[in-house]
Amino acid sequence: MSVQKLKETILNKIDSAAVNALGQIPEPLELGFPPNTELGHFAVGCFPLAKQFRKSPAEIAKIISEKITPDDVIHKVKASGPYLNISLHPGVLFGEFCSEMISKNTKYGESSVGKGIPGMVEYLSPNTNKPLHLGHMRNGALGLSISRILEAIGHRVVKANLINDRGVHICKSMLAWKRWGAGSTPESQGLKGDHFVGSWYVRFAQEALEQQTLEDDVQTMLQQWEAGDPETLKLWETMNTWVYDGFAETYKNFGLEFDVFFYESDTFKMGKDVIQKGLEAHVFSKDDHGNSVFRLPVAEFGQEKGGEAKKVTLLRPDGTSLYITQDIATSILKIEAHKLYFSIYVVGSEQEYHFKCLFQILDALGYEWAKDCHHLSYGMVYLPEGKMKSREGKIVDADVLIAEMKKLAADEIRQRDPDGRLSDDEINHRAEKIGIGAIKFYLLRVRPTQTINFDPAESISFDGFTGPYCQYAYARISGILAKAQNGATDLQRCDLSVLGNPEELSLLQRLIQFPEEIHDAAQGFNPSKIAVHIFNTAKTFNQFYNKHHVLRAENEALVTARLALIKATAIVLKKGLNLLGIEVLENM
RNA sequence: GCGCCUGUAGCUCAGCUGGAUAGAGCAACGGACUUCUAAUCCGUAGGCCGCAGGUUCGAAUCCUGCCAGGCGUACCA
């Protein structure tokens, strides 16, 4: 029997008891857990039935419980206030769940509610004038995680990175390098390409404080770029190539994956056609200044002080496009080029209004998929000193943070290996996964809407509610399973009726809950659900581990049964961490 | 002004599609390694759930108003 079916069996049993006792099919009920394992394995609150039957929930619980006769699945049902607490036979309870988890392995928790519907998750979307920082890391961790979560519920996801490779920002780096760079390259300076280019952006900002004319010079350069001046284009390409090499290294180190790249230099002119068609269809109009504009529906967006509908400017009178112009085009391109049905934009909360307008415009243009566009908005990351400002160097650089975390993890590993048995390669390998795990978990453990106040001390911690804590629980289980290898029993079919102490029950409950957490995380675009649940699972395992032995349990049957339970736990931990973009380790 | 987000223990946060005594982690204090990895576990202490009303059998959770902070308010990206 599958887990789903077992749950249905229990609810059906309650339903028929309710019909029996009250003469009507009851409102749908939900299967939950009692606050502690001594009360039972599952619980059902009878609140929804109170109105239907005009009795208090407690009374209903009592009546129903009396009509349920124990069978080979249900051991007993006891009314406790408004709740029905249900206990199953331990063999059924553990047997059904553990064998399903073990047989499904890394597929456990997945579902098909997405019906294979394909869509795109666009995330990271960096500018090419400077290296990635902490804000990008939050975006990257979120984007990768939500992609995997959507895949887990049965969607096909195309992960996209829209690179903002043109504009005044990159021209600043270009201009500074041209003036003062003297032909230097990342290699000649021993710098990562993105850091090299970023250093010229900083240089520009410094020089511009002294020389006002620099801002004009940058505008000239931008015009040359737009006009297709060969020399400018060549410099632009060279600098972007440096940056992409640097980015690629960071993506690899931080574990970010992309299926497609979009470049704004390719898409920024495409918007004009769309605007033209919109004008012809009278979706857009011209305002008094000759701007092409879209009037936002008053019902949803309110109106200007003068009583006019609010508007979005789409094209200036001289035909130059704006941020939203190219975004409209890119949105269409994404969906049509890849034959997709939905589109997720992982972008900071400061752009909420922008996306609200964008989706409204796409809807007005008649694109049916506009309703399936979603802005996954997340809060800012603040440093102790306040908001990050790259021009002032007030940032946490991604590469620096990764290196720091890796070093801290390596120090920690060496402390645990006083005899120096581990090779440098092994230490390096572990440190990388632990360091990245710590950063990603730190960024994903809170709701996306929360502003994060980056606390350096807390972010580098490996104790408590952290990624390494969860990885450690997995490594502990791996250790036990490795030692148990000889005399390997079929864990999928062993007798689990010997399990049933409170720690084993609590652990099993966490494992049972996992698929629902994935579903909730997907529904709410909220990976923190997974982080919290995986932490709780690891914690519950550690509690079990500290109180009971696996390999030295009282008898052979118990050893085997506990091996099955911890194997299932390992599967959930690995899958959960994987959904957060975090890798597990067999040894720590 | 208007819109969105946030306000829960000293700190950082879960819980927010209403339901069993409001939960973690960190920090503090006290315990547990001759025993499957102590990056662990157990215990103690710590809470007008921003404030005030309302809806409900029942509100941290829903509604209204207020207070505080953040972001945005488009012809920047």
Practice task
Look at Q415(A) and rA39(B) and indicate whether a side-chain polar atom (N or O) is within less than 4.0 Å of OP1 or OP2.
Solution key: no
Handout entry: Plane angle bin for F355(A) and H375(A) - parallel if under 30°, tilted between 30 and 60°, otherwise perpendicular
Key = tilted
Practice task
Verify the neighbour count for atom NZ of K433(A): are there more than 12 heavy atoms of other residues, nucleotides or ligands below 6.0 Å?
Solution key: yes
Practice task
Using only side-chain N and O atoms of K310(A), determine if any of them is under 4.0 Å from OP1 or OP2 of rC2(B).
Solution key: no
Practice task
Would you check if Y83(A) stacks with the base of rA20(B), given a 5.5 Å centroid limit and a 30° plane limit, both strict?
Solution key: yes
Exercise for the section: Give one of base, sugar-phosphate or nothing for N291(A), where a contact means two heavy atoms less than 4.0 Å apart. Expected result: base
Practice task
Answer with yes or no after comparing the ring centroid distance for F33(A) and H41(A) against a 6.0 Å cut-off, counting only values under it.
Solution key: no
Completion exercise
When rounded to whole Å, the CG to C1' distance for the pair N453(A) and rU6(B) reads 11 Å
Exercise for the section: Evaluate the ring planes of W225(A) and W236(A), with Trp represented by its six-membered ring, and classify them as parallel (under 30°), tilted (30 to 60°) or perpendicular (over 60°). Expected result: perpendicular
Exercise for the section: Anything under 30° is parallel, anything over 60° is perpendicular, the rest tilted; go ahead and classify H548(A) against F544(A). Expected result: tilted
Practice task
Considering just the side-chain nitrogens and oxygens of Y469(A), establish if one lies under 4.0 Å of OP1 or OP2 belonging to rA38(B).
Solution key: no
Problem - Candidates rA77(B), rC36(B), rU12(B) - which lies nearest the side chain of Y323(A) - result: rA77(B)
Problem - Whole-angstrom distance between rG47(B) and rG65(B), as gauged at atom C1' - result: 26 Å
Handout entry: Presence of Y382(A) side-chain N/O under 4.0 Å of rC71(B) phosphate oxygens OP1/OP2
Key = yes
Exercise for the section: Pick base, sugar-phosphate or nothing for L84(A), based on heavy-atom distances below 4.0 Å to the nucleic acid. Expected result: nothing
Exercise for the section: Please work out if P34(A) contacts a base, only the sugar-phosphate, or nothing of the nucleic acid, heavy-atom cut-off 4.0 Å. Expected result: base
Practice task
Please state the P separation for the pair rA45(B) and rG25(B) - nearest whole angstrom.
Solution key: 15 Å
Exercise for the section: Using Watson-Crick or G-U wobble pairs with both distances under 3.5 Å, give me RNA chain B in dot-bracket, 5' to 3', with [ ] for crossers and | for pairs to another strand. Expected result: (((((((..((((.....[...)))).(((((.......))))).....(((((..]....))))))))))))....
Exercise for the section: Can you figure out which of rA14(B), rA39(B), rA77(B) approaches the side chain of V446(A) most closely? Expected result: rA14(B)
Problem - From rA74(B), rA39(B), rU12(B), nucleotide with atom closest to R445(A) side chain - result: rU12(B)
Exercise for the section: Give the rounded distance in Å between these two atoms: CZ of F465(A) and P of rC13(B). Expected result: 12 Å
Exercise for the section: Quick one: label N587(A) by what it contacts on the DNA or RNA (base, sugar-phosphate, nothing), any heavy atom closer than 4.0 Å. Expected result: base
Practice task
For rC5(B), take OP1 and OP2 only and decide whether either is under 4.0 Å from a side-chain N or O of S349(A).
Solution key: no
Handout entry: Touch class at under 4.0 angstrom, heavy-atom based, for L322(A) against every strand present
Key = sugar-phosphate
Exercise for the section: Take the protein atom CZ of R416(A) and the nucleotide atom P of rC33(B), then report the distance between them rounded to whole Å. Expected result: 19 Å
Problem - Ring centre gap for H374(A) and F525(A) strictly below 6.0 Å - result: yes
Practice task
Give me the residues of residues 537-548 of chain A where at least one heavy atom lies under 4.0 Å from an atom of RNA chain B, by number, or none.
Solution key: K539(A), N542(A), Q543(A), Y545(A), N546(A), H548(A)
Problem - Side-chain N,O (Y472(A)) to OP1/OP2 (rA39(B)) below 4.0 Å - result: yes
Problem - Inter-nucleotide P distance (rA9(B), rA52(B)), Å rounded - result: 16 Å
Practice task
Determine: side-chain N/O of R316(A) to OP1/OP2 of rC76(B), distance under 4.0 Å, yes or no.
Solution key: yes
Exercise for the section: Indicate, with a heavy-atom threshold strictly under 4.0 Å, whether Q471(A) touches base, sugar-phosphate, or nothing. Expected result: nothing
Fill in the blank from the handout: Whole-Å distance, N85(A) CG to rG19(B) P, equals 17 Å
Exercise for the section: Test Y83(A) against V44(A) for side-chain contact (heavy atoms from CB on, under 4.5 Å), laying out the working first. Expected result: CA-CA 6 Å; Y83(A) 290 91; V44(A) 172; over 6 Å; no
Practice task
Give a yes or no on whether the backbone of K62(A) and the side-chain of S65(A) come within a donor-acceptor separation of less than 3.5 Å.
Solution key: yes
Problem - Upstream residue (5' side of RNA chain B) when Y353(A) and K356(A) are each assigned their closest nucleotide - result: K356(A)
Exercise for the section: Measure the acute angle between the ring planes of F441(A) and F465(A), then classify it against the limits of 30° and 60° as parallel, tilted or perpendicular. Expected result: perpendicular
Exercise for the section: Determine the contact category for A473(A): base if any of its heavy atoms lies under 4.0 Å from a base atom, sugar-phosphate if only primed atoms, P, OP1 or OP2 are that close, otherwise nothing. Expected result: nothing
Handout entry: Interatomic distance, H289(A) NE2 vs rA74(B) C1' [rounded to whole Å]
Key = 14 Å
Practice task
Using a 4.5 Å cut-off on heavy atoms from C-beta on, say whether the side chain of D417(A) contacts that of R414(A).
Solution key: no
Practice task
Assign I413(A) to base, sugar-phosphate, or nothing according to its heavy-atom contacts below 4.0 angstrom with the strands shown.
Solution key: base
Exercise for the section: Check every strand shown and say whether N129(A) touches a base, only sugar-phosphate, or nothing at a heavy-atom separation below 4.0 Å. Expected result: nothing
Practice task
Round to a whole Å and report the spacing from CD1 of I477(A) to C1' of rA39(B).
Solution key: 15 Å
Practice task
Using the P atom as the reference point in each nucleotide, state the distance between rG15(B) and rC29(B) in Å, no decimals.
Solution key: 31 Å
Problem - Near-ring test F541(A)/Y474(A), centroid separation under 6.0 angstrom - result: no
Exercise for the section: Could you tell me whether the phosphate oxygens of rA14(B), OP1 or OP2, come under 4.0 Å of any side-chain nitrogen or oxygen in R447(A)? Expected result: yes
Handout entry: 5'-most by nearest nucleotide on RNA chain B - H169(A) or E350(A)
Key = E350(A)
Practice task
Write down the distance separating the C1' atoms in rU8(B) and rC48(B), rounded off to the nearest Å.
Solution key: 12 Å
Handout entry: More than 12 heavy atoms of other groups within 6.0 Å of Q303(A) CD
Key = yes
Handout entry: F535(A) ring over rA24(B) six-membered base ring, under 5.5 Å and 30°
Key = no
Problem - Proximity to the side chain of H549(A) - top-ranked nucleotide from rU40(B), rC13(B), rC36(B) - result: rC36(B)
Problem - Carboxylate-amine/guanidinium contact E458(A) R445(A), below 4.0 Å - result: yes
Practice task
Let me know the distance between CG of L444(A) and C1' of rC13(B), rounded to the nearest Å.
Solution key: 14 Å
Problem - Torsion-based syn/anti label for rC33(B), 90° from 0 as limit - result: syn
Exercise for the section: Mind checking L314(A) for me? I need base, sugar-phosphate or nothing, with any heavy atom below 4.0 Å counting as a touch. Expected result: nothing
Completion exercise
Ranking rU35(B), rC16(B), rC4(B) by distance to the side chain of K529(A), first place goes to rC16(B)
Handout entry: Plane angle bin for Y442(A) and F454(A) - parallel if under 30°, tilted between 30 and 60°, otherwise perpendicular
Key = perpendicular
Problem - rG19(B) and rC63(B), which share atom name P, separated by this distance in whole Å - result: 14 Å
Exercise for the section: Using a heavy-atom cut-off of under 4.0 Å over every strand shown, decide if E30(A) touches base, sugar-phosphate, or nothing. Expected result: nothing
Exercise for the section: Report yes or no: is there a donor-acceptor pair, N or O only, under 3.5 Å between the side chain of D327(A) and the base of rA77(B)? Expected result: no
Completion exercise
Taken to the nearest whole Å, CD/Q450(A) to P/rC16(B) is 14 Å
